[in-house]
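Counting starts at 1 for both ligands and their atoms, in listed order.
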Amino acid sequence: MAVKDQLSIIIPSYNEQDNIHRTFHKIRDLLQKKNIPFEIIFVDDGSRDATYLRIQELSSEYSEAKGISFSRNFGKESAIFAGLEAAVGACCLIMDCDLQHPPAMIPEMYRLWQEGYEVVEGVKSSRGKENPFHTLCARSFYHIISKATGIDMSKASDFKLLDRKAVEALLILPERAPFFRALSSWVGFKTVTLPFEVEERVIGSSKWSIWSLTKYAIRNITSFSGAPMQLITLLGWVMFVISIVLGIQSLYRYFSGTAQEGFTTVILLQLMIGSALMLSLGIIGHYISRIYDEIKARPRYIISKRCGC
Ligand code: UDP
Ligand code: MG
């Protein structure tokens, strides 16, 4: 049974030792002033620094501080789902540990929930200070995923407050590789959006490298949509049109006696067909590996320690 009126705040934390105390106190001070009952669940995603130690310190001092620690790094999505599973509040809020999601917005999000909204989505009014390449990649990623899902994800973030009903709906989804940002819109419910400015990270550094972002993008696009497979069909049609044009031209030349020695054409065609086939096989292979992962049905995460919950 969910605790009436309680707000559960879930904070995925990976190598955030210097942020834990600061984030906790900032949120605690704010919510105490506003008289909002709360718990804060830090999910230590297999950090290699003293993150869990810091969480334990808080948990032994404050009853509102709780912690879960993974046996290794399972990724932010897994951390979010572990937090949702452990939360007992009537509503749950997800936010980053680095205070890039402004805590000052929490009372307003909570108020909207009390008014009857079941999903309060924080949307980025700007992307904060990022390098232009990162912005371009993020834009392309969100463009593809928005097209594939039919949900506008261009400004979406993980900064969301969900009613218990929405949390339960998310928790019964069986997929092994959930994409929280899209699924929390996909489940529906009465939703309101609230724009926020992305703060700059003050302590520590972003956990995302270009490589990990690329993997994250591919994983989420393929776990949410089959659109890349349709791309193969499209590619097939394009090749088909090209082959008709080239076929007619070659036959015309042959019969009119002007056919050239066509080694260059043959080489080019081989290369084109070869890469199109390998690319298509790669995409299909990726989906097969996703199916393989789902079928193995390994847990999304493994918990090694917990405190306060
Ligand atoms: N995070 C996590 N597991 C990971 C990577 C990140 O739990 O494998 C957490 C991280 O501690 C932070 C949040 O996810 O609370 C957002 O990460 P980060 O600030 O590095 O991302 P950015 O803000 O640069 O998108
Ligand atoms: Mg951040």
Side-chain angles (χ1 to χ4, degrees), residues 9-24 26-27 40-55 58 65-87 92-103 105-106 122-139 141-142 145 153-160 177-182 184 196-220 300-306:
I9 300 182
I10 294 149
I11 308 186
S13 316
Y14 180 51
N15 295 342
E16 303 278 9
Q17 58 181 13
D18 300 325
N19 277 318
I20 301 286
H21 279 268
R22 176 169 162 263
T23 303
F24 177 78
K26 186 133 194 183
I27 299 173
I40 300 183
I41 304 172
F42 288 97
V43 185
D44 164 27
D45 185 9
S47 303
R48 269 165 300 192
D49 63 1
T51 299
Y52 190 65
L53 217 65
R54 299 285 102 81
I55 300 171
L58 283 177
K66 298 168 183 187
I68 295 172
S69 179
F70 285 173
S71 60
R72 63 165 171 86
N73 180 243
F74 279 90
K76 188 179 176 187
E77 308 294 311
S78 295
I80 293 175
F81 276 83
L84 289 175
E85 217 142 301
C92 296
L93 177 114
I94 319 292
M95 67 185 286
D96 285 358
C97 194
D98 53 11
L99 295 177
Q100 287 197 288
H101 296 155
M105 303 269 302
I106 301 174
V123 292
K124 298 173 183 164
S125 54
S126 73
R127 293 197 58 88
K129 277 209 183 104
E130 275 178 347
N131 75 48
F133 181 69
H134 191 129
T135 310
L136 182 77
C137 291
R139 283 236 173 95
F141 166 60
Y142 284 117
I145 197 111
M153 302 267 308
S154 57
K155 299 188 180 78
S157 75
D158 289 331
F159 190 33
K160 289 189 184 188
F179 180 30
F180 174 73
R181 211 170 289 191
S184 49
F196 74 93
E197 290 278 337
V198 180
E199 302 286 329
E200 266 199 71
R201 185 189 255 274
V202 183
I203 297 171
S205 57
S206 173
K207 306 295 175 296
W208 301 99
S209 62
I210 297 287
W211 174 234
S212 63
L213 270 179
T214 313
K215 275 201 311 197
Y216 179 79
I218 293 176
R219 191 191 98 134
N220 286 320
R300 287 175 189 154
Y301 51 81
I302 296 169
I303 295 175
S304 71
K305 286 170 262 175
R306 50 202 318 159

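- In this structure a side-chain-to-backbone donor-acceptor pair under 3.5 Å is present from T23 to C97.
- Within the cation-pi definition used here (under 6.0 Å to the ring centroid, within 45° of the axis), R72 does not qualify as a partner of F70.
- Between Y14 and D45, the closest heavy-atom pair is CD1-O, 3.2 Å.
- Within 4.0 Å of ligand 1, the residues that place a heavy atom are P12, S13, Y14, E16, D45, N73, G75, K76, D96, C97, D98, Q100, R201, S206, K207, W208, listed by chain and number.
- Shown are the protein N/O/S atoms under 2.8 Å from the Mg ion (ligand 2), given by residue and atom: D98 OD2, Q100 OE1.
- Contact of the V43 side chain with the Y301 side chain is not registered, since no non-hydrogen atoms from C-beta on lie closer than 4.5 Å.
- Taking the six-membered ring where tryptophan is involved, the planes of F180 and F81 are perpendicular, since the angle between them exceeds 60° and thus also 30°.
- For the pairing with S13, the side-chain contact (heavy atoms from CB on, under 4.5 Å) check across T51, D98, D96 returns one residue only, T51.
- In this structure, R54 does not pair ionically with D49, as no charged nitrogen and carboxylate oxygen lie closer than 4.0 Å.
- Formation of a donor-acceptor pair under 3.5 Å by the K160 side chain with backbone atoms of I94 is not found in this model.
- Between the CG atom of D44 and the CD1 atom of I303 there is a distance of 11.0 Å, given to the nearest 0.5 Å.
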